[in-house]
Protein chains: 2
Amino acid sequence: MRAQRIGKANPAEDEAVYQAILRALLEGKLKAGTKLAETPLAAIFGVSRERIRKVLHRLGAERRLEMIPNRGARVPRPTLEDVRRVYEAHRVLEAGVLSQLVLRIDNVLLARLDAHLAEERAAAQRGDRAASVRLSGAFHVHLVDSLGNPELSRMLGDLLSRSSVMVSVYEPAAQSICAVDEHGAIVAALRDRDLLRAIAVSREHFLHVEGRLQLDATESSESEDLAAIFAPVKPLRRKARSAQSG
Amino acid sequence: MRAQRIGKANPAEDEAVYQAILRALLEGKLKAGTKLAETPLAAIFGVSRERIRKVLHRLGAERRLEMIPNRGARVPRPTLEDVRRVYEAHRVLEAGVLSQLVLRIDNVLLARLDAHLAEERAAAQRGDRAASVRLSGAFHVHLVDSLGNPELSRMLGDLLSRSSVMVSVYEPAAQSICAVDEHGAIVAALRDRDLLRAIAVSREHFLHVEGRLQLDATESSESEDLAAIFAPVKPLRRKARSAQSG
DNA sequence: ACCATGCCAAATGTGCACATTTTTTTATTA
DNA sequence: TAATAAAAAAATGTGCACATTTGGCATGGT
């Protein structure tokens with residue numbers, strides 16, 4: 001009786017662990033510099049260590065975790081320089097997107113962008129900060145997606161997810177909303193098919209955001225309680241009645 | 001005496017296998033659609049199957065191989081649409097790079113670009129096709145690198161390596177050289193700090209290349225002899241007299 | 001007291017055996 | 001004969017045992 005349910009092909013399990021850790025990263029629950037050891041994580045998620053291992057390496061390949069050979073995974077501690085580079089990359093990419101959009105802009109596209117702007121303004125007016133932050137970021141995604149090129153959309157997605165993590169370290173939380181007017185100005189320039197103005201406005205917009213970057217002083221808490229961070233996530237596989245609070 | 005040299009930490013081995021397969025991909029030795037099974041590759045390279053497995057998945061994460069769960073790795077068979085998208089992404093990215101370069105351009109940068117153009121012209125004049133192809137691609141890399149942003153450089157690098165593979169399928173080999181004049185025109189526009197012209201020239205340049213794309217008829221040979229393809233690579237580890245004949 | 005050196009515990013890396021899934025081959029039937 | 005189904009073969013996925021490396025700690029020498 002040695003066979004006991006091993007090799008159960010369950011790709012959803014990999015994905016669940018991946019998403020859980022990624023979400024913790026994106027929501028800033030994992031502080032920069034935190035060590036992510038394999039064994040504890042395996043215990044927390046109730047999966048094998050190999051499973052965790054694979055996910056960790058995947059996140060490392062995506063540059064969302066810092067992998068050091070024989071020394072495991074850590075939440076990266078980006079320098080201000082790193083953050084600036086990501087922002088610059090975003091800025092450059094958007095300039096390119098705009099250069100292509102002015103050639104393709106039509107009433108349908110403009111209508112969609114206007115609709116988005118209306119949403120943004122509505123959220124701002126009713127003081128819904130959460131929605132504002134979300135819509136503000138979505139605007140830039142909307143711009144690339146307008147080109148209908150998955151390659152470009154994915155590139156921006158990677159960039160955004162990385163800056164999300166960084167923002168939690170460097171950006172003062174209260175101000176992380178793009179000014180709606182600036183977004184409106186970009187759309188206006190597109191409407192006029194004025195590429196230079198569109199790029200200039202976009203550039204100013206980004207520089208404005210970049211200018212607000214500053215080192216968040218709260219980088220003290222080194223050792224985090226991983227179990228607490230991933231607590232809301234229900235264990236994927238029970239560990240044979242291990243410490244089940246009755 | 002059960003321990004027999006397992007777990008030998010050798011990161012160079014991973015890297016060697018990775019590089020070997022990647023190079024075969026980039027050089028077009030692996031035809032589109034070729035199945036890359038784990039076991040044969042392990043035998044060819046003389047490493048464990050797990051080693052191959054890891055490398056294959058890494059290449060899959062980089063979108064250089066197409067991974068299908070439970071069905072292994074294949075060399076992707078990009079559609080013409082896919083190739084166009086990669087080229088468009090490259091074009092868009094370069095437009096963004098130019099928009100940033102016009103703001104930063106100075107004599108030092110111009111001198112370097114001129115030097116590169118001179119190299120390109122020299123290679124073209126002496127009919128060195130190999131050098132021409134290499135330098136022609138390097139020009140675009142040079143442009144991004146001028147910004148000194150590793151994020152952007154890496155983005156372009158990914159794009160280029162992908163299109164390299166695709167080119168072998170779709171681009172008529174003989175013509176895959178960018179016209180030097182077009183590169184020169186881009187630099188000239190930069191010298192004048194004329195962003196619109198730089199973007200327009202760059203755009204024309206890419207459209208010119210894209211226009212030459214056409215499906216290469218030689219997509220017949222499905223089953224390749226992997227052993228022959230990787231032949232020049234010396235086996236990394238002898239197989240400990242396993243399967244002693246006799 | 002301070003730095004160097006040699007163990008010991010803990011964490012990461014790897015090969016292997018086996019489960020699962022897919023693909024190919026063979027057998028059966030309309 | 002062609003189509004379908006069952007069985008065999010092959011390939012991929014996973015957990016585990018063990019090797020290797022790393023980091024900390026105690027010990028001894030200058």
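Atoms considered below: every heavy atom in the structure, side chains included; atoms not considered: hydrogens, waters and symmetry mates. All values reported here derive from a predicted model rather than from experimental measurement. Per chain, numbering begins at 1; letters A, B, ... match sequence-line order.
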Are any non-hydrogen side-chain atoms of [X] and [Y] less than 4.5 angstrom apart?
| X | Y | value |
| --- | --- | --- |
| B:Met67 | B:Arg74 | no |
| B:Arg23 | B:Tyr18 | no |
| A:Glu50 | A:Glu38 | no |

Length of the line joining [X]:[atom1] and [N]:[atom2], which is rounded to integer Å:
| X | N | atom1 | atom2 | value |
| --- | --- | --- | --- | --- |
| A:Leu226 | C:dA11 | CG | P | 12 Å |
| A:Glu50 | C:dA11 | CD | P | 15 Å |
| A:Met67 | C:dA11 | CE | P | 15 Å |
| B:Ile52 | C:dC16 | CD1 | P | 14 Å |
| B:Lys54 | D:dT14 | NZ | P | 16 Å |

Taking only N/O atoms, report every protein-nucleotides 6-12 of chain D pair under 3.5 Å with atom names and distance.
| unit_1 | atom_1 | unit_2 | atom_2 | d |
| --- | --- | --- | --- | --- |
| D:dT12 | OP2 | B:Glu38 | N | 3.2 |

(request) Verify, without hydrogens or angle tests, whether B:Thr34 (side chain) and B:Leu30 (backbone) share a donor-acceptor contact under 3.5 angstrom. (result)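 No: the side chain of B:Thr34 does not pair with the backbone of B:Leu30.
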(request) Considering non-hydrogen atoms only, spot the tightest contact between A:Val86 and A:Ser163 and give its length. (result)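 Scanning both residues completely, I find the closest heavy atoms to be CG1-CB, 3.9 Å.
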(request) Identify the heavy atoms of A:Pro78 and A:Val83 that sit nearest to each other, and give their distance. (result)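 It is CB-CG2, 4.3 Å.
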